[in-house]
Structures are given as C-alpha cells and as structure tokens.
Amino acid sequence: MLTPKRVKHRKWHKGRRRFAGIETRGTNLAFGTYGLKSEDRAWLTARQIEAARRAITRSIQRGGKVWIRVFPDKPITKKGAETPMGAGKGGVDHYVAPVKPGRIIFEMDGVTEEVAKQALRLASYKLPVKTKFITRQ
C-alpha cells in the first residue's frame, strides 16, 4: 500500500472535511489517454486506492500503463478501544489523500477505449467518490 517514506509532522490537524471549492491542480490528463475524474469530495484511503489499482490491472490483464495521480500523505490518528478521555491524541492509524471535485485519480494508456472504460468503471466501484470517465481531446 502507499505510505509516505517521511512526513514533516507525524500527526496532522484534521482540517475541515468540507474543503470548500473545486480542485485547481491535477485536473487535466497529463500522462495517459483515458482517466478517472472525481466529481465529489472525500478522503481516499491507501487501501481504497490500492483496491482500485488492482481492479484496473486485473481488468486490463497486465496490458497498457496505469498512473496513480493521488498519493495518501495525510496521517489519520485513532485512539485504542476503551481508552478513557484525555491521555493525548492517538497513534497514526492510516493515511488518506484528500480529493476535491475535478481531480484526476487514475490515468491509463496503451489499451482500447472499451477496455479502459470497463477497467475504470470497475475501479470506481472501489472508491467512495462519484467519478467520470474522461478521454484526451
């Protein structure tokens, strides 16, 4: 699974889950011909990204190339079960990638449009956001 090698701070502030606005970076296809674009906002966990990646690579049967355009670098903490109030913040449990509407999540190349559409549709089932299949103009 994707995890950062180093982080500037071990534990981050949560931030606002509503993260207002739409994405300004990573909104255009940069590497491949086909892509999966987010239409919602959410936190994508490293497990969800990996599950979607595996669905894509199995669907295209090791053909073509896949680019992952998001990286989970935001640490999410969790306190242990039955821990009393106080006693500080919990340890880092997993990492997430905050995604806004308009962000490209995956890109593909080297396969036909039908194969790419099917593979990215299977990947979208693994993600907690509504997505859209896009092609290079």
Side-chain angles (χ1 to χ4, degrees):
M1 274 190 294
L2 298 170
T3 56
K5 288 186 178 72
R6 295 177 65 237
V7 287
K8 188 171 182 180
H9 299 288
R10 195 165 55 96
K11 298 175 182 177
W12 289 9
H13 288 268
K14 188 177 292 183
R16 293 285 164 258
R17 287 293 299 257
R18 62 182 158 79
F19 12 85
I22 59 171
E23 191 64 74
T24 55
R25 300 173 302 125
T27 58
N28 298 319
L29 291 174
F31 304 102
T33 312
Y34 311 107
L36 194 65
K37 183 180 253 193
S38 167
E39 292 191 319
D40 280 339
R41 54 179 47 85
W43 285 351
L44 300 185
T45 67
R47 285 175 174 264
Q48 290 165 344
I49 296 168
E50 176 64 13
R53 184 200 64 80
R54 289 175 72 171
I56 291 172
T57 52
R58 287 196 175 142
S59 178
I60 61 176
Q61 296 164 350
R62 306 278 189 254
K65 182 148 175 58
V66 178
W67 289 270
I68 304 171
R69 295 285 307 274
V70 292
F71 188 81
D73 60 349
K74 181 185 179 82
I76 302 300
T77 60
K78 187 143 188 164
K79 284 182 125 175
E82 300 183 13
T83 305
M85 295 293 284
K89 190 169 182 170
V92 174
D93 185 49
H94 60 279
Y95 291 89
V96 298
V99 171
K100 294 181 187 178
R103 181 73 180 215
I104 304 288
I105 302 171
F106 290 103
E107 289 189 33
M108 293 179 68
D109 205 358
V111 293
T112 64
E113 185 170 349
E114 297 79 41
V115 171
K117 192 174 266 192
Q118 169 70 6
L120 292 173
R121 185 176 60 81
L122 291 172
S124 70
Y125 293 150
K126 310 289 183 185
L127 301 174
V129 291
K130 201 188 297 187
T131 57
K132 183 168 71 172
F133 177 78
I134 59 167
T135 58
R136 190 180 292 272
Q137 304 305 346

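Atoms considered below: every heavy atom in the structure, side chains included; atoms not considered: hydrogens, waters and symmetry mates.
Within the structure, no pair that satisfies the ring-ring contact (aromatic ring centres under 6.0 Å, His included) test touches residues 77-102, not counting sequence neighbours. Here ring-ring contact (aromatic ring centres under 6.0 Å, His included) pairs that include residues 70-90, with residues two or more places apart or in two chains, number zero. The salt bridge (charged side-chain N to carboxylate O under 4.0 Å, His left out) analysis of residues 53-71, with sequence neighbours excluded, yields the pairs E50-R53, R69-E107.
When the side chain to side chain contact (heavy atoms under 4.5 Å, CB included) test is applied to D40, the partners found at least two apart in sequence or on another chain are V129, K130. Considering only residues two or more places apart in sequence or on other chains, Q118 meets the side chain to side chain donor-acceptor pair (under 3.5 Å) condition with R121. F106 pairs by the ring pair (Phe, Tyr, Trp, His ring centres under 6.0 Å) definition with nothing, not counting sequence neighbours. Partners of K78 according to the side chain to side chain contact (heavy atoms under 4.5 Å, CB included) rule, which considers only residues two or more places apart in sequence or in another chain, are D93. Every residue two or more places apart in sequence or in another chain that forms a side chain to side chain contact (heavy atoms under 4.5 Å, CB included) with K79 is listed here: T83. Under the ring pair (Phe, Tyr, Trp, His ring centres under 6.0 Å) criterion, F31 pairs with W67, sequence neighbours left out. When the ring pair (Phe, Tyr, Trp, His ring centres under 6.0 Å) test is applied to W12, no partner is found at least two apart in sequence or on another chain. Annotation: side chain to side chain contact (heavy atoms under 4.5 Å, CB included) contacts of T27 (sequence neighbours excluded): E23.
Around atom NZ of K8, no more than 12 heavy atoms belonging to other residues, nucleotides or ligands sit under 6.0 Å away. Applying the 6.0 Å contact sphere to NZ of K74 captures more than 12 heavy atoms from other residues, nucleotides or ligands. Other residues, nucleotides and ligands contribute at most 12 non-hydrogen atoms within 6.0 Å of the NZ atom of K132.
With hydrophobic clusters built from ILVMFWY side chains whose heavy atoms lie under 4.5 angstrom apart, L36 shares a cluster with V99. No continuous path of hydrophobic side-chain contacts links L29 to I68 [ILVMFWY only; heavy atoms under 4.5 Å]. In the hydrophobic cluster analysis, where Ile, Leu, Val, Met, Phe, Trp and Tyr join through side-chain heavy atoms closer than 4.5 angstrom, W43 is grouped apart from V92. I60 and I104 are assigned to two separate hydrophobic clusters, defined by single-linkage of ILVMFWY side chains at heavy-atom distances under 4.5 Å. Grouping the Ile, Leu, Val, Met, Phe, Trp and Tyr side chains by contacts below 4.5 angstrom, directly or via other members, places I134 apart from M108.
Within the hydrophobic cluster formed by Ile, Leu, Val, Met, Phe, Trp and Tyr side chains joined at under 4.5 Å, directly or through other members, Y125 is accompanied by L122.
Nearest heavy-atom pair, P128 versus A42, reported as atom, atom and distance to 0.1 Å: CG-CB, 4.4 Å. For the pair V111 and Y34, the tightest heavy-atom approach, listed with the atom from each and the gap, is O-CE1, 3.4 Å. Taking both residues in full, the closest heavy atoms of T131 and E39 are given as O-OE1, 4.0 Å, listed atom of the first, atom of the second, then distance. Looking at every heavy atom in both residues, M1 comes nearest to A46 through SD-C, 4.0 Å.
Two residues are said to be in side-chain contact when any heavy atoms from C-beta on lie closer than 4.5 Å; P72 and T3 fail this criterion.
In this structure, CD1 in I105 is found 9.0 Å from CZ in R103, a value given to the nearest 0.5 Å. The distance from atom NZ of K126 to atom CD1 of I56, rounded to the nearest 0.5 Å, is 11.0 Å. Note that NZ of K117 and OG1 of T135 are 8.5 Å apart. Values are rounded to the nearest 0.5 Å. A distance of 10.5 Å separates CG in L2 from CG in D73, rounded to the nearest 0.5 Å. The distance from the CZ atom of R41 to the NZ atom of K100 is 7.5 Å, given to the nearest 0.5 Å.
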